[in-house]
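Ligands are counted one by one from 1 in listed order, and the atoms in each one are counted from 1 as well.
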Amino acid sequence: MSTLFEPCTLRGVTVPNRVWMPPMCQYSAAPEGPSTGAPGDWHFAHYAARAAGGTGLIVVEATAVSPEGRISPYDLGIWNDTQVEAFRRITRFLASQGTVPAIQLAHAGRKASTDRTWKGGAPVGPDGHGWQPVAPSPLAFDERHPVPDELTVEQIHEIVEQFRAAARRALAAGFEVAEIHGAHGYLINEFLSPYSNHRTDAYGGSYENRTRFALEVVDAVREEWPDDKPLFFRVSATDWLEEAGWTPDDTVRFASELPAHGIDLLDVSTGGNAPGVRIPTGPGYQVPFAARVRNETPMPVAAVGLITDAGQAAKILANGEADAVFLGRELLRNPSWALHAARELGGEVHIPDQYHRSA
Ligand code: FNR
């Protein structure tokens, strides 16, 4: 049997298999009013389908720790109790299918306040429900984006506290795993990379200073997150800028430091911090970055990026390149990918009672 269908235990949580769904924004929450940022019918149907399809762990999309931390006005958020209540419906259903409910806690930094991707994703101002973005340094992401406000040290401390409060709420909402979004050019990634962080205070300059904000967020979240529940960190292993940005060597160094801060798994993505870089995409193109972390540090890893085929996924695990695989767009196309892969490779996944005649 393929290891794809072997359980995986992290702290006190056992994930039934290694077919996982990565966070994917749906841009489908209300942009204003009492249910701003709260998941609704679309979110429920979307996550429920992948749980019924046998997915072992689902990371609910980037969920903002504050209104200004949203990528778009239509993002999910977890800064109030109305949102917590709405998430409970999703976590309850996922748990009923044996799927581990996880949530990605995020702040979009200088890439905040944009329109939905299918509307072009351009920055929006107040008349499009938008706001002024913030960042480590007053550097616009590209010529379309506004110059963000440079965060003061006091504001940095406030955002750390927003992550802490978000973790507390995520726990109340029934999540078993929290993931800190440190990738794709959003706020934490902006601090990590010398390309987007030009600060000269304690939060910029040296590697130690650039990682300070990320580690403060990790420590705050870990203080709230119970000892028996795992905490993941999503990193962009490279900005694809060589020495001008965050590098794979930086990632390995960072990964070796994270276990002492209570991170249990590194979710290894790449890119997103610099526009126009050349990324050599192709099947499994980010897997080598995950494999390097797994081979050079004690940190468990999940691989992501153009993993679409059952044999390919099984091989990544068999080769020891990752402990689990995330399938993004393939799970959008096929919510029951895990059921199909189990048939193809001869493994077992949970099939809902209601579907027993399909087994
Ligand atoms: C994403 N991705 C993403 N990543 C992340 O860390 N947080 C997020 O909320 C989102 N949102 C998102 C929305 C949509 C519609 C897509 C397609 C992607 C990136 C995603 O998690 C994954 O890393 C990439 O899609 C690459 O994996 P696949 O799709 O090649 O399997």
Would you please name every residue forming a salt bridge (Lys or Arg N to Asp or Glu O under 4.0 Å) with [X], sequence neighbours left out?
| X | value |
| --- | --- |
| Asp250 | none |
| Arg88 | Glu85 |
| Asp81 | Arg169 |

Exactly which residues line ligand 1, taking a heavy atom under 4.0 Å from it as the test?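 Answer by chain and number: Pro22, Pro23, Met24, Cys25, Ala62, Gln104, His181, His184, Arg234, Val304, Gly305, Leu306, Leu327, Gly328, Arg329.
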Aromatic ring pairing [X]/[Y], orientation class (parallel under 30°, perpendicular over 60°, tilted between):
| X | Y | value |
| --- | --- | --- |
| Tyr207 | Trp246 | parallel |
| His184 | His181 | perpendicular |
| Phe232 | Trp20 | parallel |

